[in-house]
Amino acid sequence: MSGFFNIAEAAAIMAQALSTTPPTESRPADYVIADGVMRPLHTWKRDNRATFARMMLVAGTNVMPADVAGWTDEQVQQADCWAFSTHLSASDHEDIQVPERPSFIPFARRVTFPNRSTGSTLQ
C-alpha cells in the first residue's frame, strides 16, 4: 500500500471513503477520560468510519478504510483510542496521556522533494 504524497490526495481518499459509508448513528460517547487516560466505555460500538476519520487526524499514519475494516474489534478500539488521544494531546489538552502507538498501524512513507536551489533533496 502506498503512502500519501500530499494533502489533496489524502483529502480525496477520505472524501471518497466517507461518501460511500452511511453516516454514523447518533449515540452516547464511546470513551471516558479519567486522570488523563482515555478508556472505552462498556457501550463502545465499532464504527469503522469514525475510526478512519480519527486516523486521518494523526500525521505519520498510512491507514486506508480497508485496513480499518480488516482489523479486529480490539484493534479498532486500540487504534481509535490512540488516534483520538494523539489528536487531543496535540492541541491544548496537555493532560491527555497518549498510549503507545499500536504496532499494526502502518507508518506513512517518507517522501523526498527536490531542493531546486541546491539540487539536494529535502525529507
Is Val68 reachable from Phe104 through a run of hydrophobic residues whose side-chain heavy atoms are each under 4.5 Å from the next? yes
Between Trp44 and Val76, does the side-chain contact (heavy atoms from CB on, under 4.5 Å) criterion hold? Intermediate values first, please. CA-CA 11 Å; Trp44 179 87; Val76 169; 4.0 Å; yes
If I compare all heavy atoms of Ala34 with all of Arg39, which pair ends up nearest, and what's the gap? O-NH1, 3.9 Å
As an exercise, state the distance from CG of Asp67 to CD of Gln75, rounded to the nearest 0.5 Å. 10.5 Å
On a heavy-atom basis, which atom in Trp71 and which in Thr51 lie closest, and how many Å separate them? CZ3-CG2, 4.4 Å
Measure across Gln97 and Val37 and return the closest heavy-atom pair with its distance rounded to 0.1 Å. OE1-CG2, 3.5 Å
What is the minimum heavy-atom distance between Arg54 and Tyr31, and which atoms define it? NH1-CE1, 4.1 Å
What's the separation between atom CH2 in Trp82 and atom CD in Glu100, rounded to the nearest 0.5 Å? 11.0 Å
Hey, does the side chain of Thr61 reach the backbone of Met55 with a donor-acceptor pair shorter than 3.5 angstrom? yes
Could you tell me whether a side-chain N or O of Ser89 sits under 3.5 Å from a main-chain N or O of Thr86, the two making a donor and an acceptor? yes
Can you tell me how far NE2 of His87 sits from CE of Met56, rounded to the nearest 0.5 angstrom? 13.0 Å
Which atom names give the shortest non-hydrogen contact between Pro106 and Val63, and what distance separates them? CD-CG2, 3.9 Å
For a quick test of reading the model, state the closest non-hydrogen atom pair linking Arg101 to Gly60 and the distance between them. NH2-O, 3.3 Å
Would you say Leu88 and Ile33 make side-chain contact, with heavy atoms under 4.5 Å? yes
Using a 6.0 Å cut-off, check whether atom CG of Asp73 has over 12 heavy atoms from anything other than its own residue. yes
Could I get the full list of side chain to side chain donor-acceptor pair (under 3.5 Å) partners for Gln77, not counting sequence neighbours? none
